[in-house]
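Order of appearance sets the numbers: ligands from 1, and atoms from 1 within every ligand. Here the structure is a predicted model, which means the values were calculated and not measured.
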Amino acid sequence: MKLFGTMEVKENTLYIGGVNTEELRKNYGTPLYVMDEVAIETQMQTFTTHFSSNTFESRVLYASKAFLNLYIAGLAKKNNLFIDVVSGGELFTVLRAGFNPKKIYFHGNNKTYDELNFAIEENVGTIILDNQYEYEMLNGLLNEKDKTQRVMVRVNPDIDTDTHKYIQTTKEDSKFGFNMYKDETMTFIKTLEADDRIDFVGIHCHIGSQIFDDASFYLEAKKMAEYAKQLKEALGREVEEINLGGGFGVYYTAGDTPLDLTEFLPKYTAHIESVFQEYGISPKIVSIEPGRSMVNNFGSTLYTVGAIKKMAEDLTFMLVDGGMNDNMRPAMYEAKYEAYLANKMNEAPSAHYKVAGKLCETGDVLIEDVQLPEAAPGDLLITPSTGAYAYSMSSNYNRMTRPAVVFVKDGETKVAVRRETYEDLIRNDEVME
Ligand SMILES: *Cc1c(COP(=O)(O)O)cnc(C)c1O
């Protein structure tokens, strides 16, 4: 097993943050999301330390949709990160966590009137416009409130990344942003530039997710620099900020080869500096938006094994007490995970299991095939590397209560999100009279 962050094995049992996973089960139940606080803070610092330039101000925005609650927003704040949100709910959460509104970037490909209104009321630092309609609503709101707003535009450089099509975002047919190569986009930006209520500061793009190939990021930086040069010519001034998005790939299973951030980020920075020079531009600020790479490997999910069902010589189901409601990625895009028995860490793998959940869908399979020690009901299964897009995509399907989220550090455990109760499930329901 790849031991991420503070994971260690003691007496056949897995520990995270100095806490015994069996103790976690005993005290908080399963399924349970376990976040390694020291490792997450270290990762935040890895980003801010290694993405740093002498020629521009570098900003690291945590893409909060990967994993968001008050606790992680607090950690991002403590570590001097900026943060991006894509909905009113995410915005509300980070504001409640005490984030400085000026450090918030508001994304989203179809922000509603109410969300824009909320953002303006709260003086959110930067709004990234995705389409003309949003601009019209924004313009109306700013006039009404007699305010101005810092704005960027999401552009789409049409880069083919080697990732699953559901998480590719800049192909021509993607729903996000403005095509960089269409005249309308430049016309739109000129409209913004002429609007006194809008402080147009620059361009943003995000080329997709789970990208391992550094060449994609270098190409992206080049295309953005090229576009910034065109803007400089068209507007007669420099753009102030270029936001290059996130998408840095992470390890899930053998064969995944993530970029080594301490090596890649300085190279990336140098590359950005050199393409800026090549195109004769000098934006003051360059930002990146890691989501998955900030948290994924530092979060795990614990499950209790229930029934073990042998269906055929080569097919044995291991059924766990959660499933697609706490991690929908395998069902949604065939995402792969590893699993281990956290209470049998030193036993040799000797059996194959198909790990499935307890939800009423044939597709509720967490892992197609995993080799584990001989398992029995009551064992403690862990799926590591579920820090990103598991909790944040969780649902109440089958009226499952969402698991608790705990942060572990130096032998101590803090509940960041308490486990939902049955009462929570009907909290907003009305009784039929
Ligand atoms: C999802 C998203 C990110 C983060 O992507 P990761 O793959 O999690 O790093 C960053 N920026 C935008 C605009 C996004 O939509």
Side-chain angles (χ1 to χ4, degrees), residues 40 43-44 46-47 51 59-68 72-73 76 81-87 89-91 94 103-111 115 119 124-131 134 151-157 159 161-171 174-178 202-214 216-217 220-221 224 241-252 256 258-259 261 264-265 268 286-299 327-329 332-333 335 385-393:
I40 291 170
Q43 188 75 339
M44 289 176 168
T46 296
F47 269 105
F51 182 62
R59 291 187 178 176
V60 177
L61 284 52
Y62 172 51
S64 70
K65 71 175 191 276
F67 173 80
L68 182 62
I72 189 82
L81 301 186
F82 290 73
I83 201 157
D84 86 42
V85 298
V86 298
S87 71
E90 288 184 357
L91 175 56
V94 305
K103 295 183 84 168
I104 301 174
Y105 286 68
F106 190 11
H107 283 289
N109 76 303
N110 187 24
K111 299 173 202 68
E115 286 174 328
V124 161
T126 309
I127 294 179
I128 293 95
L129 288 178
D130 181 278
N131 57 69
E134 279 184 357
V151 161
M152 299 180 80
V153 170
R154 178 163 185 167
V155 292
N156 198 328
I159 294 175
T161 50
D162 180 22
T163 189
H164 193 285
K165 69 177 188 304
Y166 288 6
I167 48 182
Q168 268 191 1
T169 52
T170 66
K171 290 289 293 159
S174 156
K175 71 173 179 172
F176 298 104
F178 292 86
I203 46 178
H204 161 269
C205 93
H206 170 68
I207 58 172
S209 211
Q210 188 59 354
I211 297 164
F212 294 130
D213 177 16
D214 55 358
S216 298
F217 294 110
E220 175 199 10
M224 290 294 273
E241 179 169 357
I242 294 182
N243 179 330
L244 296 168
F248 313 109
V250 301
Y251 180 91
Y252 287 97
D256 289 341
L259 297 163
L261 293 174
F264 166 70
L265 290 171
Y268 192 30
V286 179
S287 27
I288 55 171
E289 301 174 322
R292 187 188 312 267
S293 52
M294 200 67 94
V295 290
N296 192 60
N297 293 135
F298 315 116
N327 185 0
M328 75 180 291
R329 297 187 67 257
M332 186 166 61
Y333 33 65
S385 298
T386 50
Y389 303 110
Y391 165 72
S392 66
M393 289 183 168

Using the side chain to side chain contact (heavy atoms under 4.5 Å, CB included) criterion, which residues pair with Ala390? Sequence neighbours excluded. Tyr33, Asn327, Thr386
Exercise: identify the closest heavy-atom pair between [X] and [Y]:
X	Y	answer
Tyr391	Leu68	CE2-O, 3.4 Å
Leu129	Phe178	O-CE1, 4.1 Å
Leu61	Asn243	CD2-ND2, 3.7 Å

List every atom of ligand 1 that sits less than 4.0 Å from any heavy atom of [X], numbering the atoms from 1 in the order shown and giving each element.
X	value
Ala63	3 (C), 4 (C), 10 (C)
Arg154	13 (C)
Gly246	9 (O), 10 (C)
His204	13 (C)
Arg292	6 (P), 7 (O), 8 (O), 9 (O)

Just distances here: any N/O of [X] and N/O of ligand 1 closer than 3.5 Å?
X	value
Gly247	yes
Phe248	no
Ser293	no

Between Ser287 and Glu241, does any side-chain donor sit less than 3.5 Å from a side-chain acceptor?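 Indeed, the side chains of Ser287 and Glu241 share at least one donor-acceptor pair under 3.5 Å.
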Does [X] reach the main-chain N or O of [Y] with its side chain, forming a donor-acceptor pair under 3.5 Å?
X	Y	value
Ser293	Gly249	no
Glu115	Lys111	no
His107	Val86	no
Asn156	Phe176	yes

Distance from [atom] to nearest protein heavy atom, with residue and atom:
atom	result
atom 7 (O) of ligand 1	Ser209 OG, 2.2 Å
atom 1 (C) of ligand 1	Lys65 NZ, 1.2 Å
atom 11 (N) of ligand 1	Glu289 OE1, 2.6 Å
atom 5 (O) of ligand 1	His206 CE1, 3.3 Å

Mark the output for [X] as yes if a heavy-atom distance to ligand 1 is under 4.0 Å, and as no if none is.
X	value
Ala66	no
Met294	no
Tyr389	yes

So that I know where these two stand, are Tyr389 and Phe67 an aromatic pair - ring centroids less than 6.0 Å apart?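 No, too far apart.
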